[in-house]
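Input: a single structure, listed below in structure tokens.
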Amino acid sequence: MRRGRGYVAGMEPIDDSDNLPLSQRAIAARPAPYLEGLNAAQRAAVETLEGPVLMLAGAGTGKTRALTTRIAHLLMLGKARPGQILAVTFTNKAAREMKDRIAALLGETVEGMPWLGTFHSICVKILRRHAELIGNGELHLKPAFTILDTDDQIRLLKQLIQAENLDEKRWPARQLAHLIDGWKNRCLPPSNLPKREKAAFDGWGGRLYAAYQERLLSLNAVDFGDLLMHCVTLFQAHPDVLKSWQERFRYILVDEYQDTNVAQYMWLRLLAQAHRNICCVGDDDQSIYGWRGAEVGNILRFEQDFPGAQVVRLEQNYRSTPQILSAASGLIAANSGRLGKTLWTEAEAGEKVRLIGHWDSEAEARWIGEEIEAFQGGHRAGLGKVSLDDIAILVRASHQMRAFEDRFMTIGLPYRVIGGPRFYERAEIRDAMAYFRLVVSPADDLAFERIVNTPKRGLGDKALQTIQTVARRHGVPLLEAARIAVEEGQLTGKGLVNLRDFVAALGRWHADALDAGASHIELAERILDESGYTAMWQNDKSPDAPGRLDNLKELVKALEEFDNLQGFLEHVALVMDRDEGEAGEEVSIMTLHGAKGLEFPVVFLPGWEDGLFPNQRAMDENGTKGLEEERRLAYVGITRAERLAVISFAGNRRLYGQWQSSMPSRFIDELPEEHIEILTPPGLYGGGYGAAMAFAGANAGTDMHDRAAQADVYNSPGWKRMQARAAERKAPVRRAPVTIDTEAAAHFSVGDKVSHAKFGEGQIIGIAEDTLTVQFAAGFKTIKAAYVTPAGSDQDVPF
DNA sequence: CGAGGGGAGGTTTTT
DNA sequence: CCTCCCCTCG
């Protein structure tokens with residue numbers, strides 16, 4: 001157990017007294033040390049403990065700090081024991097960070113926060129306790145159920161589609177998987193599926209979905225979507241079970257609420273019903289996962305869903321310069337239906353957001369590479385030396401990464417690509433896991449199918465069919481069927497010998513796994529060696545074989561944290577992260593989605609071209625909604641930058657091998673010019689000012705060597721529009737606070753002093769619609785804006 | 001069983 | 001253009 005720093009003096013040990021009556025007055029009089037340094041809004045977010053709270057936390061406003069301090073506060077006040085707080089995140093990374101920070105605040109590890117985790121991991125914990133209640137009359141889950149990943153899911157669906165004698169080309173399993181995920185995201189089990197939806201997939205949707213769920217049950221398996229859906233249906237069908245969980249969780253905290261889907265929303269609502277102490281943190285402007293079922297509506301509707309909800313807005317930004325914030329705010333202002341926020345900062349104005357166009361994607365990559373080298377050498381004004389670790393390139397689509405990888409490889413610029421294939425998605429890890437699964441659960445047919453012929457044992461389709469026939473005839477799992485097939489001599493030659501050995505080896509390993517005295521780590525190594533799996537990769541001459549062997553070693557190492565294989569398997573499916581090894585200074589390349597929650601001093605945002613960003617397909621499929629989500633993505637991108645953001649676009653880009661010309665992104669037109677610095681094109685093509693660009697419409701796009709076509713600078717409609725607008729507005733630029741407030745109470749801002757007839761003077765800490773949250777001497781109140789008057793503002797909004 | 005050709009499809013991504 | 005998957009042929 002790790003002892004953290006900063007043990008809080010005078011801290012009461014957390015005991016069974018769940019409700020130490022401590023009024024907010026008392027806290028205000030003697031603030032706990034961990035509350036120091038919080039701004040007024042953050043304090044409100046930390047101290048408004050009872051009832052529903054919506055914490056609207058803009059980018060870089062100290063959301064995680066508020067959230068973790070709130071948990072620490074709950075524990076310190078004795079409002080709840082660690083086991084009575086439910087805190088959910090979307091990613092393991094976020095969960096881990098919260099744990100670490102709470103530990104730092106409290107000066108000890110939070111082994112005692114068993115219910116801080118991802119939606120999925122918490123659902124697993126709950127489901128394992130009630131597995132028997134999940135299922136239909138005959139079949140139900142058992143507590144050791146396995147969690148299938150996307151790959152298993154597809155393979156299973158493929159089998160079902162084949163079983164119906166459907167053409168896999170016309171009925172692709174991937175598409176069905178997508179449909180089923182969608183239904184599960186909306187918490188629609190086969191029995192509740194509307195007729196219209198059942199007819200999806202050419203009429204087979206409902207039927208295949210039901211068959212799939214049935215098959216999962218018989219395999220004692222669930223997929224990711226089931227974790228939430230089963231949990232919700234469990235709660236709905238068993239009020240007593242629900243009640244026990246409702247009572248346990250006195251306080252609920254939810255991170256990234258704008259990303260919740262319907263199932264997660266239902267889950268939260270059910271659990272919050274008893275104590276109603278639910279605090280949801282989110283930012284409607286950063287909702288970028290609509291395409292996988294997230295409903296921005298959840299956060300927009302919060303106040304209706306949870307009547308009496310208090311809304312706290314965190315608007316002071318501690319990350320970016322005013323220039324960056326203003327550019328981002330100006331852009332996102334084009335979206336409709338926002339809750340509205342006014343981000344502000346005390347930071348120095350800083351560098352304007354830079355904008356530059358390039359001839360093509362290769363020139364773009366080349367230029368960014370040169371800029372990075374210049375930054376690194378300290379040859380760029382305003383920033384001094386910048387470490388490679390401080391620089392990120394954020395792209396819309398992963399195929400954009402290649403241009404940068406190619407370029408950086410040639411010039412020897414160290415980089416890392418973040419968000420490649422996950423560790424546990426790699427074939428070798430999945431194979432090894434399948435071995436472990438089959439050893440622990442001999443009835444795991446999916447695992448059997450995966451590895452029976454890996455490495456090659458001469459057991460092809462035909463052998464597998466034979467085994468499957470035997471399995472059906474005897475009604476036994478495949479491994480058992482294999483044993484029978486061997487005994488009955490249904491196979492011949494090499495296959496027979498190999499299968500006999502395979503079955504025998506599994507028997508041995510299984511026995512060893514049951515032996516509590518034996519080391520599960522040694523067993524794992526033995527399984528991989530004796531099965532020939534390690535040898536298979538050792539003999540493989542492909543360049544990635546050594547890497548795969550390393551991964552296997554890492555997998556075995558991960559076993560150390562568990563007592564046995566069983567325990568490992570129960571948790572690992574959800575928690576295995578690939579190690580982001582710090583290997584010296586490197587530029588980070590990642591997608592905009594992957595960058596959410598991160599921050600970098602310098603951020604490059606390439607590929608701002610219509611069709612790529614905003615993405616054509618997003619707009620085609622979801623219209624304005626899709627466009628707005630793309631715009632939020634742009635907002636997320638810009639707000640990752642602490643000191644400098646550089647946006648760029650290319651006139652030509654290779655797409656599916658074809659050179660295609662493109663127009664600058666419409667988002668570029670939406671950037672507020674006063675915060676943008678337009679860089680003159682580099683002198684790469686003919687040199688100096690006025691060189692370099694040709695865009696679509698000039699019909700020269702397809703020939704990148706056509707220098708003549710490059711004569712006219714920025715010859716695009718979008719660019720001209722921008723120039724025209726810049727010319728128009730000479731004098732009366734709206735200066736000072738960039739107030740992008742959609743509220744009726746727009747003449748108030750957070751931080752304003754107001755006075756109220758009854759409560760006296762106070763300071764606004766939150767604004768929602770026409771309702772203000774005001775901190776008075778007597779405490780926090782939520783008041784209609786009409787009932788207060790401005791009492792003079794001493795808070796300068798610094799830009 | 002495994003290598004190689006043909007054909008389709010090719011945002012974003014966590015669990 | 002490039003990758004992945006399926007199918008066929010040796």
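The sequence lines fix the lettering, A, B, ..., with proteins before strands; numbering per chain opens at 1. If you're wondering where the values come from, they're calculated on a predicted model, not measured in any experiment.
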Contacts of A:R269 that satisfy side-chain contact (heavy atoms from CB on, under 4.5 Å) - sequence neighbours left out: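 Checked A:R269 against side-chain contact (heavy atoms from CB on, under 4.5 Å); matches are A:Y265, A:D305, A:F306.
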Closest heavy-atom pair and its distance - A:V124, A:I147: CG2-CD1, 3.8 Å
Rounding to a whole Å, what distance do you find between [X]:[atom1] and [N]:[atom2]?
X: A:R457; N: B:dC1; atom1: CZ; atom2: C1'; answer: 15 Å
X: A:N185; N: B:dT14; atom1: CG; atom2: P; answer: 15 Å
X: A:K93; N: B:dT15; atom1: NZ; atom2: P; answer: 10 Å
X: A:K456; N: B:dC1; atom1: NZ; atom2: P; answer: 7 Å

Polar atoms only, N or O, under 3.5 Å: list the protein pairs with nucleotides 7-13 of chain B and their distances.
{"unit_1": "B:dT11", "atom_1": "OP1", "unit_2": "A:Y656", "atom_2": "OH", "d": "2.9"}
{"unit_1": "B:dT12", "atom_1": "OP1", "unit_2": "A:S398", "atom_2": "N", "d": "2.7"}
{"unit_1": "B:dT12", "atom_1": "OP1", "unit_2": "A:S398", "atom_2": "OG", "d": "2.4"}
{"unit_1": "B:dT12", "atom_1": "O4'", "unit_2": "A:R396", "atom_2": "NH1", "d": "3.1"}
{"unit_1": "B:dT12", "atom_1": "O2", "unit_2": "A:W291", "atom_2": "NE1", "d": "3.3"}
{"unit_1": "B:dT12", "atom_1": "O2", "unit_2": "A:R396", "atom_2": "NH2", "d": "3.0"}
{"unit_1": "B:dT13", "atom_1": "OP1", "unit_2": "A:T591", "atom_2": "OG1", "d": "2.4"}

Using a heavy-atom cut-off of 4.0 Å across all strands, would you classify [X] as base, sugar-phosphate, or nothing?
X: A:K158; value: sugar-phosphate
X: A:L459; value: sugar-phosphate
X: A:N453; value: sugar-phosphate
X: A:G225; value: nothing

Partner of A:I332 under side-chain contact (heavy atoms from CB on, under 4.5 Å), chosen from A:E670, A:R632, A:Q286: A:R632
Gap separating the CZ atom of A:R402 from the CD1 atom of A:I589, nearest 0.5 angstrom: 12.5 Å
Atom pair CG (A:L234) and NE2 (A:H130), whose distance is rounded to the nearest 0.5 Å: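 One finds 6.0 Å between CG of A:L234 and NE2 of A:H130.
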Plane angle bin for A:Y533 and A:W537 - parallel if under 30°, tilted between 30 and 60°, otherwise perpendicular: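 Because their plane-to-plane angle is over 60°, the rings of A:W537 and A:Y533 count as perpendicular.
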Side chains of A:Q264 and A:D259, donor plus acceptor under 3.5 Å: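 There is no such pair (donor and acceptor under 3.5 Å, judged by atom type) between the side chains of A:Q264 and A:D259.
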A:Q159 and A:E449 side chains, donor-acceptor separation under 3.5 Å: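 Short answer, yes.
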Whole-Å P distance, C:dC5 and B:dT12: 16 Å
C1'-based separation of B:dT14 from C:dT3 [nearest Å]: 24 Å
ring-ring contact (aromatic ring centres under 6.0 Å, His included) between A:W245 and A:W267, worked out: CA-CA 11 Å; A:W245 291 102; A:W267 188 83; 9.4 Å; no
Any A:N92 side-chain nitrogen or oxygen under 4.0 Å from OP1 or OP2 of B:dT15: yes
Start and end of chain A contact along DNA chain C [non-hydrogen atoms, under 4.0 Å]: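 Under 4.0 Å from chain A, the extent on DNA chain C is C:dC1 to C:dC6.
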